[in-house]
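Comments concern the structure below.
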Protein chains: 2
Amino acid sequence: MRPSTPLDRVAGAHDAAVLAVARRGEPVSRTDLAEALGVTPQAISKILARLMERGMMAGAGSIISGPGKPTTLYRIVPSSRRAIGLHLTRTRLRGVVADLTGEVVSHREIEIGHRQPVPELLETLTAQARELADVGSGTLLGVGLGMPGPVDFSGGVYRGTSAPDPWRGAEIRRMLVDALAMPVLLDHDSRAAIVGETWSQPDLLRNAALVLVEDGLGASLSIDGSIVRGAHSHAGEVGHTVVRMDGAPCECGRRGCAQAEFAASLGRGDVEDAAQVLATIVLDLVRLVDVDRVVLGGSTVYAHHEQMMGAIRSALEAGLREEPWVHVEVMLSTRGTDLIAVGSACEVLEHEYGLPTALVGPE
Amino acid sequence: MRPSTPLDRVAGAHDAAVLAVARRGEPVSRTDLAEALGVTPQAISKILARLMERGMMAGAGSIISGPGKPTTLYRIVPSSRRAIGLHLTRTRLRGVVADLTGEVVSHREIEIGHRQPVPELLETLTAQARELADVGSGTLLGVGLGMPGPVDFSGGVYRGTSAPDPWRGAEIRRMLVDALAMPVLLDHDSRAAIVGETWSQPDLLRNAALVLVEDGLGASLSIDGSIVRGAHSHAGEVGHTVVRMDGAPCECGRRGCAQAEFAASLGRGDVEDAAQVLATIVLDLVRLVDVDRVVLGGSTVYAHHEQMMGAIRSALEAGLREEPWVHVEVMLSTRGTDLIAVGSACEVLEHEYGLPTALVGPE
DNA sequence: GACGTAACGCAACAGCGTTGCTTTATTCTG
DNA sequence: CAGAATAAAGCAACGCTGTTGCGTTACGTC
């Protein structure tokens, strides 16, 4: 393994930055990139030469815009790399193959047995991964796995809840690495989701929140372009955020938790009130971290997206009336059902070709 | 001005990293630093040479620990640099001079007239800054100013509220730069406070929240070592976080805002309930961003710190019973009344000698 | 007093982006 | 239609970063 000098980090960061611009899809010129990266066009030539040698970028013709030599254009080569993304729930396993731009090349879904023990689960996961490994072209970078509930990202362990749970404490990443012999990343579903969203639109979602409503309630953040995982990789568990201090008791022991209130409202068919709960959380979150985009995703949201988005938009408008300079855009995820699976694949892409978060420090 | 090449940024980042380690106070060896930065000891020699030439580091003797040449130790030179920090409220202006380690060299406080118009305010600020500029030794880096209410950090403008306000929209930074002819930074009080806390203990507070309770309620975040300012530099305004969706109406139009509930409880002498409101916010915040330290500060907190900290600690313990791996330390700011003024000074230090957040990008 | 050891320094090196200049490909002009 | 003007791209030398290899220094041990 190479010694990874700080100079490698400079080169790597620039490579990543060029890819981030190119990922938008439109061909880019040397000048565009030079401006975006803050380096000279000559440096861009060298950076592009590196990326082209690795097959990740390619020429895309040239345009003539007035006198002088025509501008050469370059584009990303989506099919040069790919990653597998898996989305695991208690009843289903969805899998996708995503290319370098984060677009889905192929997807498949299977049902899994309820309360499957770990060895069986492992078998299911590896089988799915192996099938997907045959799809698409380009270097296969690895496998990303997203799942609900507390997950230790750095340790690759599913932490689980205190309720009886066959998966609790399973060292999923280590086991998958052993079985598949390729890099594996394990992360919380809502964080995987926001990685997927930001991968395909990095500059748009520099400061964004993704609210995920599936069985539970999750909210993950992208702050200044990097995903928040937290000190114990526990960030995003907003299900038990208190919205009514004297509300209905929750299984967690407190009262008025968002998740409980949300489910209760939805249970009695009061979508409007459920949307209000969501809106409250979003507004609070906007005040705390000041994101300018809120992306909504998850099956429960898709089912009622008009009401949910409406409620959130009007709550934001009302709540931020005093601060007219704060403008927050609320949008629905474009990924649909693939959201978390794609996001998990993008975690692998991000890990390999994302902008580095730290400039100094070991490893 | 030099072209600031990416290599400068590497050097700058390493310089900053060495200072961050040295700031802890204890002398450090070449080997310690090499390990902390992930570079070779030889590189540390070069980095230290740069810093020593600028007077920021100095030798600190040597220790003999067995056979071989004794280890040379190095220490930071606190008096080599200094910055002025100002804390402005509606009635007071507090000022400090802080050295390179963020320690207070001198402080002074004056009362200011109520609803002072901008020109007069400017006069007060510059007079205070000029007096403080004469205190202490070392290169004076600039002036930091922290104040409550919405502040545009990047623009250096006080945004103010919709209530009649003579300071609203004042371009404070530009005016102070013109008057003082030195760098000026303007920031929200709670963010200034957390900059101050993290400056003196950078590794301890990599993921931390600072809850500030003065007149209003603020909560600023340090995520993976960098301060969250947000898309519109509006992060930290948690005063209107909803804790009781059907609580007492707040001036903002919603019901059950934390600030209103907190003030109401405190107003009727119910410190316990006020503490509960604070505890609710802290727990919600921990779930969202997963910080492992919570620092409390501000005059209102100091007055009731035992009850407040107790309530927060037990709320965290109860709320995180299901997630025993999440451990959050609650601590009181060690800065006391100087908190925001020191923090404002540290904003200047951080700006000049802090770890850069991005490796690529213009400027 | 010779030897092993550990920290340190010097010098050559590789690789990054930058700088200055040349080359190339287009449009405009006489 | 030829020549000047223009703009993009390439080539080569350079400055700077940290790295590598080896020699030097200062300590303890035998």
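Letters go in sequence order (proteins before strands), and every chain restarts at 1. Just so it is clear, the structure is predicted and the values come from calculations on it, not from any experiment. All heavy atoms count here, side chains included; hydrogens, waters and symmetry mates do not.
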Report the distance from atom OH of B:Tyr74 to atom C1' of C:dG9, rounded to the nearest whole Å.
10 Å
Atom CD1 of A:Ile44 to atom C1' of C:dC16: distance rounded to whole Å?
13 Å
C:dG17 P sits how many Å from A:Glu35 CD, rounded?
18 Å
Taking the minimum atom-to-atom distance to the side chain of A:Arg30, which one of D:dA8, D:dT19, C:dG15 wins?
D:dA8
Hey, is the side chain of A:Lys69 pairing donor to acceptor with the base of C:dT27 inside 3.5 Å?
no
Spell out, as yes or no, whether a donor-acceptor pair under 3.5 Å connects the side chain of B:Asp290 to the backbone of A:Ser233.
yes
Rounded to whole angstroms, how far apart are CG on A:Leu7 and P on D:dG15?
17 Å
Looking at CD of A:Glu347 and CG of A:Leu185, how far apart are the two atoms once the value is rounded to the nearest 0.5 Å?
6.5 Å
Is the phosphate of D:dA9, meaning OP1 or OP2, less than 4.0 Å from a side-chain N or O of A:Thr72?
yes
Euclidean distance, atom CD1 of residue B:Ile47 to atom C1' of D:dC16 [Å, nearest integer]
13 Å
What nucleic acid atoms does B:Ser45 come within less than 4.0 Å of, heavy atoms only: base, sugar-phosphate, or nothing?
sugar-phosphate
Please check if any side-chain donor atom of A:Asp152 sits under 3.5 Å from a side-chain acceptor atom of A:Ser154, or the reverse.
yes
Hey, does the side chain of B:Thr40 come within less than 4.0 Å of D:dG18's phosphate (OP1/OP2), counting only N and O?
no
So NE2 of B:His327 and CZ of B:Arg293: to nearest 0.5 Å the spacing works out to 8.5 Å
Distance-only polar pair, side chains of A:Ser45 and A:Arg30, donor-acceptor under 3.5 Å:
yes
Please report, rounded to the nearest Å, how far the P atom of D:dT17 is from the CG atom of B:Leu37.
15 Å
Once rounded to the nearest 0.5 Å, what's the spacing between atom CZ of B:Arg81 and atom CG of B:Asp99?
12.0 Å
Ranking A:Gly68 and B:Gly68 by the position along DNA chain C of their nearest nucleotide, the one closer to 5' is B:Gly68
Any residue of residues 11-22 of chain A with a heavy atom less than 4.0 Å from an atom of DNA chain C
A:Ala11, A:His14
Listed nucleotide nearest any side-chain atom of B:Pro67, set C:dT5, D:dG18, C:dC16:
C:dT5
Among D:dT19, C:dT18, D:dT17, the one nearest B:Val10 by side-chain distance:
D:dT17
Can you tell me how far P of D:dG18 sits from CG of B:Leu51, to the nearest Å?
11 Å
With sequence neighbours excluded, give me every salt bridge (Lys or Arg N to Asp or Glu O under 4.0 Å) pair touching residues 18-29 of chain A.
A:Arg24-A:Asp203
Among D:dG18, D:dC16, D:dA8, the one nearest any side-chain atom of A:Thr71 is D:dA8
Rounded to whole angstrom units, what separation is found between the CD1 atom of B:Ile64 and the C1' atom of C:dC8?
16 Å
Nearest heavy atom decides the nucleotide; on that basis, is A:Pro70 or B:Leu73 closer to the 5' end of DNA chain C?
B:Leu73
Using OP1 and OP2 only, check whether a side-chain N or O of B:Arg50 sits under 4.0 Å from D:dC16.
no
Answer with yes or no whether A:Gln42 presents, from its side chain, a donor or acceptor under 3.5 Å of a partner atom in the base of C:dC16.
no
Which of these nucleotides, C:dG17, C:dA7, D:dG18, is closest to any side-chain atom of B:Lys46?
D:dG18
Starting from the C-alpha separation in whole Å, work towards a yes-or-no answer on side chain to side chain contact (heavy atoms under 4.5 Å, CB included) for A:Val295 and A:Ile194.
CA-CA 8 Å; A:Val295 184; A:Ile194 199 169; over 6 Å; no
